Amino acid sequence: MNDVLKEYRIDFTGLTPGVHTFEYHVGQELFDHFGFQDNWTDARIEVKATLTKRPSMMELSIESQGDILVPCDMTGEEFRLPVKGAQHLLIKQGEVPGEQDDVVTIPWEASSVNIAQYIYETIVLGIPQKRYHPDYLSGKMDAPAMQSTEEDTKEEEIDPRWAKLKDIKS
């Protein structure tokens, strides 16, 4: 198994029935492993995974919170965008491994489950599609296109012939 994913493996056969908590610090390497392509970098995300082991199944809750370095969609200025997400799954053992909705089926002979894919999905789904710098949203920063348009209109003088037309009243 890839070294990047190794830390996300949970050996559940040795766990007693009940609630077990696992904490992870997720960086850019997890997204690079899954080939995720976006214009953000430097992920700093804390993940808490809670596995509740029952005799016939397991419940897995994943909560993520942190930030990523992204460029603003309007200004291009980089900033740290807060991200958070949550996901809840049921994990059961069965004949045919697979996933359907929020139920994951693993083989009967399995003694561990790797939750890297579920952590990855939880984080990626929590990242907003539109990303705006807080200073842009508060009005402290203008988009470069807006600045040049305002400057162009200030510098541009009106042709005196057109200015005379303003005096005509209908």
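Keep in mind that what you see is a predicted model, and the values were worked out from it rather than measured. Along the sequence shown, the residues carry numbers beginning at 1.
The backbone N or O of Leu15 lies less than 3.5 Å from a partner atom in the side chain of Lys53, making a donor-acceptor pair. Put simply, the side chain of Gln87 never gets that close to the backbone of Ile62: no donor and acceptor are under 3.5 Å apart.
Legend: salt bridge (charged side-chain N to carboxylate O under 4.0 Å, His left out) pairs involving residues 57-73, not counting sequence neighbours, sorted by first then second residue: Arg54-Glu59, Asp67-Arg80. Within the structure, ring pair (Phe, Tyr, Trp, His ring centres under 6.0 Å) contacts touching residues 39-89 (residues at least two apart or in different chains) are Phe31-Trp40, Phe36-Trp40, Phe79-His133. Sorted by first and then second residue, the salt bridge (charged side-chain N to carboxylate O under 4.0 Å, His left out) pairs involving residues 112-141 (not counting sequence neighbours) are Asp38-Arg131.
Taking the side chain to side chain donor-acceptor pair (under 3.5 Å) definition, one finds that Tyr24 meets it with nothing, sequence neighbours left out. For Asp101, there are no salt bridge (charged side-chain N to carboxylate O under 4.0 Å, His left out) partners two or more places apart in sequence or in a different chain.
The distance from atom CG of Leu30 to atom CG of Leu5, rounded to the nearest 0.5 Å, is 7.0 Å. The structure places CD1 of Ile127 at 7.5 Å from CG of Leu81, a figure rounded to the nearest 0.5 Å. Here CD of Glu78 is found 9.0 Å from CG of Asn39. Values are rounded to the nearest 0.5 Å. Distance check: Met58 CE to Thr50 OG1 gives 14.0 Å after rounding to the nearest 0.5 Å. Gln28 contributes atom CD, which lies 8.5 Å from atom CD1 of Ile45 (distance to the nearest 0.5 angstrom). Lys92 NZ to Leu90 CG: the interatomic distance, rounded to the nearest 0.5 Å, is 9.0 Å.
Between Ala110 and Thr13 the shortest heavy-atom distance is O-CG2, 4.4 Å. The minimum heavy-atom distance between Ala49 and Leu60, with the atom names listed, is CB-CD1, 4.2 Å. The two residues Ala86 and Thr122 come nearest to each other via the heavy atoms N-CG2, 3.6 Å. The minimum heavy-atom distance between Glu46 and His25, with the atom names listed, is OE2-ND1, 2.7 Å. Nearest approach of Arg9 to Asp11, heavy atoms of both residues: NE-OD1, 3.4 Å.
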With side chain to side chain contact (heavy atoms under 4.5 Å, CB included) as the criterion, how do Tyr8 and Gln117 come out once you've worked through the C-alpha distance, each side chain's angles and the decisive distance to 0.1 Å? CA-CA 9 Å; Tyr8 301 105; Gln117 176 74 36; over 6 Å; no
For this session: Check step by step if side chain to side chain contact (heavy atoms under 4.5 Å, CB included) holds for Ile68 and Thr41.
Result: CA-CA 6 Å; Ile68 55 176; Thr41 58; over 6 Å; no
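By the criterion of side-chain heavy atoms lying less than 4.5 angstrom apart, applied directly or through intervening Ile, Leu, Val, Met, Phe, Trp or Tyr residues, Val113 is grouped together with Phe22 in one hydrophobic cluster. Tyr118 is not connected to Leu125 by any chain of hydrophobic side-chain contacts under 4.5 Å among Ile, Leu, Val, Met, Phe, Trp and Tyr, and they are in different clusters. Taken together through direct or relayed side-chain contacts under 4.5 Å among Ile, Leu, Val, Met, Phe, Trp and Tyr, Leu69 and Tyr136 form parts of separate hydrophobic clusters. Residues Val124 and Leu89 fall within the same hydrophobic cluster, defined by Ile, Leu, Val, Met, Phe, Trp and Tyr side chains chained together at heavy-atom separations under 4.5 Å. A single hydrophobic cluster is not seen to contain both Val19 and Val47; linkage of ILVMFWY side chains at heavy-atom distances under 4.5 Å, directly or through other members, places them apart.
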I'd like a table of donor-acceptor pairs (distance under 3.5 Å, sequence neighbours excluded) in which one partner is a side-chain atom from residues 102-109, with atom names and distances.
unit_1, atom_1, unit_2, atom_2, d
Trp108, NE1, Glu95, OE2, 3.2

